[in-house]
Participant: 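One structure, pasted below without further comment.
The first residue of the sequence shown is numbered 1, and numbering continues consecutively from there. Fair warning: this is a prediction, and the values are worked out from it, not measured in the lab.
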Amino acid sequence: MLRGASLILHSKISNNMVEQFIELTDQIFWEGYAEQLAQDNPEQFLAELGDFLNTYQY
């Protein structure tokens with residue numbers, strides 16, 4: 001696979017995983033939780049997203 005195509009594919013997978021993370025956290029807590037966390041505490045948002053990706057990304 002070409003490097004550019006690989007980067008595009010990885011970007012789409014990552015975006016999909018971010019969307020899944022937001023949906024999951026909004027279901028667990030409340031709608032808008034992920035967005036509020038990202039605005040109020042971006043470091044914590046990225047840490048929780050990183051944990052999610054490490055756990056569920058294949």
Participant: Mind checking the CG-CG spacing from L46 to D51? Nearest 0.5 Å is all I need.
Facilitator: 11.0 Å
Participant: Which residues satisfy the side-chain contact (heavy atoms from CB on, under 4.5 Å) test with E48, sequence neighbours excluded?
Facilitator: F21, Y33, L37, Q44
Participant: Could you work out, with side-chain contact (heavy atoms from CB on, under 4.5 Å) as the rule, every residue matching E23, not counting sequence neighbours?
Facilitator: Q27
Participant: Between CD of Q20 and OH of Y56, what distance do you get to the nearest 0.5 Å?
Facilitator: 11.0 Å
Participant: Nearest 0.5 angstrom please: L24 CG to F29 CZ, how far?
Facilitator: 9.0 Å
Participant: side-chain contact (heavy atoms from CB on, under 4.5 Å) with Q36: which residues, sequence neighbours excluded?
Facilitator: W30, D40
Participant: So which heavy atom on A34 is nearest to which on D26, and how close?
Facilitator: N-OD1, 3.1 Å
